[in-house]
Protein chains: 2
Amino acid sequence: MKGITRERIVAAALELLNDEGMDALTVRALASRLGVRASALYWHLRNKQELLDEMSTVVMRRVTDAVSAIPPSESWRDDVAAYARVLRAEYLRHREGARIFSGRRVSDPEIVRAKESWLARLTAAGFTLAEADDVLDLITAFVVGIVIEEQERTQSSPGRYSLAERDAWLGEGAELVKAAGHLRDQGDARFERQLGIVLDGLDRAGPRSPSSPSEVTDTRTGTGTAAVDLPT
Amino acid sequence: MKGITRERIVAAALELLNDEGMDALTVRALASRLGVRASALYWHLRNKQELLDEMSTVVMRRVTDAVSAIPPSESWRDDVAAYARVLRAEYLRHREGARIFSGRRVSDPEIVRAKESWLARLTAAGFTLAEADDVLDLITAFVVGIVIEEQERTQSSPGRYSLAERDAWLGEGAELVKAAGHLRDQGDARFERQLGIVLDGLDRAGPRSPSSPSEVTDTRTGTGTAAVDLPT
DNA sequence: ACCTGAACACCGTTCAAGT
DNA sequence: ACCTGAACACCGTTCAAGT
C-alpha cells in the first residue's frame, strides 16, 4: 500500500501546488498527503530544492513529450505555433506554472536534446542555426512572459476586481487606460493574436525564400543552412 | 539614528535580496540589517507579503519614472524599444528580478496611470487602442521572458558550467544543439536582436501608413485612432 | 531498504510591556 | 508613536532507532 517513490512524491507535490499554492507546499504537508512522516521523504530526496528541481523536470519533460508528438508540417510557422501552444498549455496546468517552472536549469539532458529536431526543422526551412536558436528562444520568452501575466490575472489568490472597480481605483483621467481595459480580451484569442505578431517578426527575420530552403550562407557563422547534416 | 520607516525597510529588503538571495530574505535577517528586532517591522508592515508587494511597487515605480523620462521621438519603434530597455535594465538590477517582480498586482494606481501617455503615443502613431494595448503587453511579456532566462544563466547560485562541460553532459548526438550553444551570444546584443524581431512583428501588425498617423477606424471598436482626445 | 520519533535551529507573527 | 522580549505554531533537516 505504501511504495513511496520519487515519482509519486513529485506527482503529489504538483497536486499539492495546484490545490493549495506554493506557500502551502511544505515538506510536512507533502508527507502528510502521502501518509508518511516528513523525515521519510529525505530517504528519497536530498532536500526540498531537489524536490522543486524534480517538479520542474517533470513539467519540462511533459512539454518535450507533447512537442515531440507534433507532426512536422510543411510550414515552420505552424510548427513553431504548435510548440508555443504546448508550452503555454503545460504552464497553465500548474498554479503559477510559468513563474515557477520557467528559467530553471533542467537536470535531464534528454530534455535539452529534444531541441535537436526543432533546430533541424528550422534550418531545413531556411533559417541559419543561429537564427533557429533565436526562434526557439524568443518564442519561449514570449510564452513565459504572457503566461505569467495571464496566471496573475486568472489564478491570483484573493479578490479579482471588476472593470468598474478598476476604473474607480484608477481615479480621474487615464481614459485610454480605462478604455483599453474594457477592450482587452483574454485567454486563447489574445494569445493567438500576439503569437501571430511574434511569428510575423520571425517571418521577416527568417528564411529569404519562405517556402523552400535557401542556399544562403550565414555571414556570422559560415554555416550553410540547407546543407547541414541532420542526425535526426 | 533610528528612524525605521517603510521606505528604509523596503530599500534594505531590496539590498538584502541582492546580497543574499530570495531564500535569505527573512523578516529576522532584514530586521537585523536595520538594527532592530523582527517584531519592530510589524509596526510598519502588516506582514511579509506586504513587504514583498512594496518591493514590487518600488521596482515598478522606478520603471515608470525612467520610462517617463524618455522623450517622445518621431518613431514609435524607438519609443517602444526604449521602454523595453528600461524594463530590462530595472529587472536586471535585482537578483531574479524578472521572476520575482513580473506579473505582480501593483498597489499604486499612479503606476498603471503611467500607461496613459504610452497609449496616447501609440494611438497617435496610428495604432488602434486595442493594438496599442497589445504592443505594450507583448513587449512586456517578451522582456519578462527573456530576462528570466538571462538571469538564470548569469545570476544562478551554483556552478556555471562551461560549453565543453555542457557538450559532455549532452552526450552523443545533439550536434545542432551543441553547435547552437557555441554560436549563442549573450547580453545586450542578443536582447537587441530579438527585440528587433518583435518590433518587426509589431510593425507589420501596426499602423497602415508607418510614418504618419492614419485615419483608419478600428473595425473592432469603432474608435477613431488619430482623433482620440489626449488628456496629457 | 525504508520509515518513525525526537530533536535542532530557524521561521513568520502576535502581543503585552516598556519608553 | 515606536520598539523590545517572550512566546506560539510551524518550518526544513538530521539522525539514531526501529522493522
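Below, chains carry the letters A, B, ... as their sequence lines are ordered, and counting in each starts from 1. Because the structure is predicted, anything quoted here is derived from the model rather than measured.
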Could you check whether any side-chain N or O of [X] sits under 3.5 Å from a backbone N or O of [Y], counting only pairs where one atom can act as donor and the other as acceptor?
{"X": "A/Gln151", "Y": "A/Ala98", "answer": "yes"}
{"X": "A/Glu96", "Y": "A/Gly21", "answer": "no"}
{"X": "A/Arg105", "Y": "A/Asp53", "answer": "no"}
{"X": "A/Arg85", "Y": "A/Glu192", "answer": "no"}

note = DNA chain C in dot-bracket form (Watson-Crick or G-U pairs under 3.5 Å, [ ] crossing, | inter-strand) is ||.|||||...|||||.||
key: A/Arg166 to A/Trp169 six-membered ring, cation-pi geometry met (6.0 Å, 45°)   =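 Not flagged: A/Arg166 not positioned over aromatic ring of A/Trp169.
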Donor-acceptor pairs under 3.5 angstrom involving side-chain atoms of residues 33-42 of chain A: please list them, not counting sequence neighbours.
residue : atom : partner : partner atom : Å
A/Arg33 : NH1  : A/Glu15 : OE1          : 3.3
A/Arg33 : NH1  : A/Asp19 : OD2          : 3.1
A/Arg33 : NH2  : A/Asp19 : OD2          : 3.0

ask   = Taking only residues two or more places apart in sequence, or in another chain, which ones meet B/Ala141 in a side-chain contact (heavy atoms from CB on, under 4.5 Å)?
value =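 Once residues adjacent in sequence are excluded, the partners of B/Ala141 under the side-chain contact (heavy atoms from CB on, under 4.5 Å) criterion are A/Ile146.
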Using whole Å, what does the distance between atom [atom2] of nucleotide [N] and atom [atom1] of [X] come to?
{"X": "A/Leu51", "N": "D/dC11", "atom1": "CG", "atom2": "C1'", "value": "15 Å"}
{"X": "B/Trp43", "N": "D/dA1", "atom1": "CH2", "atom2": "P", "value": "7 Å"}
{"X": "A/Lys48", "N": "D/dT13", "atom1": "NZ", "atom2": "P", "value": "8 Å"}
{"X": "B/Glu50", "N": "C/dG12", "atom1": "CD", "atom2": "P", "value": "15 Å"}
{"X": "A/Arg37", "N": "D/dT13", "atom1": "CZ", "atom2": "P", "value": "19 Å"}
{"X": "B/Leu41", "N": "D/dC2", "atom1": "CG", "atom2": "P", "value": "14 Å"}
{"X": "B/Ile9", "N": "D/dC3", "atom1": "CD1", "atom2": "C1'", "value": "12 Å"}

query = Applying the salt bridge (charged side-chain N to carboxylate O under 4.0 Å, His left out) test to B/Glu54, which of B/Arg8, B/Arg46, B/Arg6, B/Arg104 qualifies?
reply = B/Arg6
ask   = For nucleotides 14-19 of chain C, read 5' to 3', which letter fits each nucleotide if B means a protein heavy atom sits under 4.0 Å from the base, S means only the sugar-phosphate is that close, and - means neither?
value = BB----
ask   = Heavy-atom distance under 4.5 Å between the side chains of B/Ile139 and B/Leu87, does that happen here?
value = no
key: B/Leu52, B/Leu45, B/Leu51 screened by side-chain contact (heavy atoms from CB on, under 4.5 Å) with B/Gln49, the one that passes   =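 Option passing the side-chain contact (heavy atoms from CB on, under 4.5 Å) with B/Gln49: B/Leu52.
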ask   = In residues 19-33 of chain A, which ones come under 4.0 Å of DNA chain D, going by heavy atoms?
value =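 Residues of residues 19-33 of chain A that come under 4.0 Å of DNA chain D are, in numerical order, A/Thr26, A/Val27, A/Arg28.
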task = With sequence neighbours left out, write down each residue that passes ring-ring contact (aromatic ring centres under 6.0 Å, His included) with A/His94, or none if nothing qualifies.
result = A/Phe101
task = Please determine if a side-chain N or O atom of A/His44 lies less than 4.0 Å away from the OP1 or OP2 oxygen of C/dA1.
result = no
